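Below, each value reflects all heavy atoms present in this structure, side chains not excepted, and no hydrogens, waters or symmetry copies. Letters A, B, ... are given to chains in the order of the sequence lines, protein chains preceding strands, and every chain is numbered from 1. Bear in mind the structure is a predicted one, so any value in this text is a computation, not a measurement.
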Number of protein chains: 2
Amino acid sequence: MRARTPVTLADVAALAGVSQQTVSRVVNNLPNVSARTRTRVTQAAAQLDYVPNRLATSLARQRTFTVGFVTNDLSLHAPSQLTAGIERAARAAGYSLIVSIVPEDSLAAVTHAVRALRERQVDGVLINASMTPADAATLRRRLPDLPSVFMDVTPDTPVPAALLDQEYGARLAARHLLDLGHTRVAFITPPGQAVVENTREHGWRQVLAAHDLTPVAAVSGDWSPHGGYLAAQTLLAGPPFTALLVANDQMAVGALRALWERGLNVPADVSVIGYDDTPESALLIPPLSTVRQDFPTLGARAFTHLLAQLAGDPPPTPVVTRPELILRSSTAPPQTPDRAAVQDALALLARHLAARG
Amino acid sequence: MRARTPVTLADVAALAGVSQQTVSRVVNNLPNVSARTRTRVTQAAAQLDYVPNRLATSLARQRTFTVGFVTNDLSLHAPSQLTAGIERAARAAGYSLIVSIVPEDSLAAVTHAVRALRERQVDGVLINASMTPADAATLRRRLPDLPSVFMDVTPDTPVPAALLDQEYGARLAARHLLDLGHTRVAFITPPGQAVVENTREHGWRQVLAAHDLTPVAAVSGDWSPHGGYLAAQTLLAGPPFTALLVANDQMAVGALRALWERGLNVPADVSVIGYDDTPESALLIPPLSTVRQDFPTLGARAFTHLLAQLAGDPPPTPVVTRPELILRSSTAPPQTPDRAAVQDALALLARHLAARG
DNA sequence: GACCGGTATGTTAACCCTAACATCGGCACA
DNA sequence: TGTGCCGATGTTAGGGTTAACATACCGGTC
C-alpha cells in the first residue's frame, strides 16, 4: 500500500551508472550533459518508470507551481465556468489547481480555506467569494507574502482583483428597458446583501433614479431557477409591472415560468431581462435578452494577473471587464395588456393551424 | 517575494525553548506533552503565526492527503456537480482536491493528466471521463499502486468504479413513452461513440426492440442546448414522430425550442423526455419529464470508495446507483396532431383572456 | 536503595530533490 | 610544457517535517 513510487533519482542514477545530480539535470533538461549520458539516463528512467516527486522538488525549490482557488457554490453557472477558465490557463502555464469550496461567503470561512491552501504552500490564491471591501482588505492583510487575486468584489476594493463590471452591465439592462418606454419595473435581486455600491441592483437603481423612477417592487432570489420562480410569484402578488430585471439567467427561467403560469405573455405583457447569458438562454421560450459575462475569459485573466504578481510586477489596477448587452426576444415596448394578450394567443393559434397546412 | 513562510518548527522551538520534536507533537496533537509545555508552544506558534509546511510533512509521511480528480468539460452540468460533491466529501475527510480538466476523453489525455497528479503524489485519483472498458482497464494497469475510482465507464469494466446505471435510467424513460402508447419515437443521442453496451442509447434501443420497434430516427447532439436544438431540427426534417428521447436536459431545452418554433405542442403533439434533472427542468415550459441523477451524491460515494481503497479494503464490486424517473408535463399519450393543436391553442387563448377576468 | 514502569523530552536519520560548489579532463593558445 | 578556460560530472548541504530510538526523570515496590 505504502511505497507508492519507490523509484527515485538515486535508483535511476544507480542503473545508469551516474550521479543523482546528473539524472536531475537530464530530467529537468538542463545543459552540460553529454548526449551519450543523456540517452543512457533517459533509458534508465523509462525502464524503471521513474516519476519525479514534485513534493521534494517543491520543498527544495521553495516553489510548488500550484495555485489555490477558493470559490462559493460550484453548482452555479458562474463559479463552474470560472473554474474551467482558471484550470485551463493554469494548466497551460504548468500549474496545478487546488479548488476549495466554501459553503458561505463569510470572512472566517474564506480565511480558513486560504490557510489550508497556505499550508499546502500554494504559490498564490484566487478568491471568488463575494466579500465586502472591508473584509477583502482584512483578508489581504492577513496574507502579506502570498500573491492573491480577488474576484467578485467591488472595483474600489483595495486588493488585486480581476472583475466584471457588474454595475455597468446592470445599467445596460435597466437602460434598455427604460429606453423601450417601461416605467413600472420590478427586480429579482441576488440573495443576501443589502444594496451596496457597485452591484447589479445598485446599477439598476441608479438608472431608474436618473429617470426619477423607483422599482415597483424588489424581491431577492437564491440564484436558482426555483428561487426565481418563487420571487416572481411574490412580485405577481403585488402591484403590476411591465418590466422585470432578474439578477441571473437561471432565476429568469423560473420567472418566465411564473409569468407563463399567470397567463402573462413575455414580452408583450412583461419584458424580462436576465444576466449571465447561459447556454440555454438563447433557446428559452422566448429567447432571453440578457447581459453576457464571459467567465472562462475572466478566469484566465485572473490567473494571468496572479502570474504577474508571481513574476514580481504587481499591476495595482484591478483588471475589469465590461459585460455586453445581448438583445433577444424577451423585451419589447410596454403594451396595453389585454390587446397584447389576445393578439398573441391568436397568433399562436394561427401558427399552430398553419403548421399542418 | 520568496521566503514565504520563514517560520518553521525550529523557530517555534527556539522561542518556546524546546526541541523541534516537541513542537511537532504539539502541532499534531500527539500525547505525552505536559500541559505547561503545550501551552508555551501553542503561544509561541501563535505569536510567530506559524503555518506548518504540508509539503515537508507529506514528504516525511509518504502521504499527502490530496486526491486528484480528472474530468472532462467542467462547463457541463454533470462534471461540475460531481466536482462539488467530491470536494465536499474530500474536505470533510481532511483531503484537498486537485482538479484536472482533460479537453478530450482519449486514453492519452487522461494518462497524461494522471501522470501529472502522480508527480504531485496524490494519494488517489478519481476519473470522470468516458472511456471504453479496454481503455479504462489499460489505464488502471498503468497505475499499479495508485488507488483509483472510475466514473462514467460501463458497469462491466474491470476497474474500481462508482457509477450511475445509465442504461437502467434510459430504459425507464423509454418504457414510460411506450407505456403511454407511442410507437414513433426519435432519439437525440450523446455525441461520439457508436451504440455501445450499457449506455443511454443502448437502453432506449433495448426497450424499443422488446416491443418490436426501432427509432424513427436518431441524431447525436453535443450535450449543449444549441446542439439539442440543431439535432431536433434535423429530426423534424425527417419522418414524423410523436415521442422524443433526449440524452440530457440541456439538449432538451434546445429540442423544446425547435419543436415550439415548428408550432408543435409538447406534450400534445410530441412527448419529450430528458435526462439528468437539472434545476431548470422543473420550470421549463412545459416542465420536463426526465431521469434524475444525483451527481453530488455520486461524487461523495466515489470519494468514499477511494477512501476504502486507501484504508486497504478495496471493495471489488462497482458501486452503482440507480437513477429515478421524474414525471412532469412534457409527456402524454399520442394524439391526433390537428385536434390536439387546436384544442391547445384555444385553451391558451381562454387562459389569457381569463387572466384579466 | 536497587529496580520497575511510565511519562516527558531530546537526538538522529531519513523523505527526495536541487543549488552551490568542487573536481576532472581536454583543448587551444602562447 | 604550462596556463587558462570550459564542458561534463560528482559531492555536500540543505529544504521542513516525522519516525524511531535514546535519555532523563518521577513515583512506587520489594
Counting just side-chain N and O atoms, does A:Tyr50 come under 4.0 Å of either OP1 or OP2 of C:dC16? no
Please name all residues satisfying ring-ring contact (aromatic ring centres under 6.0 Å, His included) with B:Tyr95, sequence neighbours left out, ordered by chain then number. B:Phe65, B:Phe303
According to side chain to side chain donor-acceptor pair (under 3.5 Å), who are the partners of A:Ser19, at least two apart in sequence or on a separate chain? A:Thr22
Taking side chain to side chain donor-acceptor pair (under 3.5 Å) as the test, write out the residues that go with A:Asn53, two or more places apart. none
Determine: side-chain N/O of A:Ser19 to OP1/OP2 of D:dT11, distance under 4.0 Å, yes or no. no
Send over the distance from A:Leu48 CG to C:dC16 P, rounded to a whole Å. 14 Å
Regarding the side chain of A:Leu9, the nearest nucleotide among C:dC17, D:dG10, D:dT9 is C:dC17
A:Arg54 CZ to C:dC15 P: how many Å, rounded? 22 Å
Should A:Thr8 be listed as having a side-chain N or O under 4.0 Å from OP1 or OP2 of C:dC16? no
Between C:dT18 (P) and A:Leu59 (CG): distance, integer Å: 11 Å
Just call it for A:Thr37: base, sugar-phosphate, or nothing, with non-hydrogen atoms closer than 4.0 Å on any strand. sugar-phosphate
Expressed in angstrom and rounded to an integer, what is the separation of A:Gln20 atom CD from C:dC16 atom C1'? 8 Å
From CZ of A:Arg63 over to C1' of C:dC16, roughly how many Å is that when rounded to an integer? 20 Å
What contact category does B:Thr57 fall into here, base, sugar-phosphate, or nothing, at under 4.0 angstrom with non-hydrogen atoms? sugar-phosphate
With sequence neighbours left out, write down each residue that passes side-chain contact (heavy atoms from CB on, under 4.5 Å) with A:Thr157, or none if nothing qualifies. A:Pro133, A:Ala136, A:Val153, A:Thr154, A:Val159
Quantify the bending of the helix from C:dG1-D:dC30 to C:dA30-D:dT1 as the angle between its end axes, each fitted on five pairs, to 10°. 60°
With sequence neighbours excluded, tell me which residues meet side chain to side chain donor-acceptor pair (under 3.5 Å) with A:Thr57. none
Atom pairs under 3.5 Å, N or O on each side, protein against nucleotides 19-27 of chain D: can you list them with distances?
residue : atom : partner : partner atom : Å
D:dA19  : N6   : B:Gln21 : OE1          : 2.9

Could you tell me whether the phosphate oxygens of D:dG10, OP1 or OP2, come under 4.0 Å of any side-chain nitrogen or oxygen in A:Thr22? yes
With sequence neighbours left out, what residues match B:Arg38 under side chain to side chain donor-acceptor pair (under 3.5 Å)? none
In whole angstrom, give the distance that lies between atom CZ of B:Arg38 and atom C1' of C:dT7. 13 Å
Distance, rounded to the nearest Å, where B:Gln121 contributes CD and C:dC16 contributes C1': 9 Å
Sorted by chain and residue number, the ring-ring contact (aromatic ring centres under 6.0 Å, His included) partners of B:Phe150 (sequence neighbours excluded) come out as none
A:Gln62, nearest nucleotide to its side chain (from D:dT9, D:dG16, D:dT18): D:dG16
Mind running salt bridge (Lys or Arg N to Asp or Glu O under 4.0 Å) on B:Asp49 and A:Arg118 for me, showing each step along the way? CA-CA 12 Å; B:Asp49 188 23; A:Arg118 285 226 290 168; 3.6 Å; yes
Side chain of A:Asn53 - closest among D:dT18, C:dC16, D:dT9: C:dC16
Note, A:Asp123 side chain near A:Thr66 side chain (heavy atom, < 4.5 Å): no
Need one value for A:Pro31: base, sugar-phosphate or nothing, where a base atom within 4.0 Å counts as base even if backbone is also close, heavy atoms only. nothing
Determine, stepwise, if the pair B:Leu143 / B:Leu139 fulfils side-chain contact (heavy atoms from CB on, under 4.5 Å). CA-CA 7 Å; B:Leu143 6 122; B:Leu139 179 55; 4.1 Å; yes
Once you round it to whole Å, what is the distance between C1' of D:dG10 and CG of A:Asn32? 13 Å
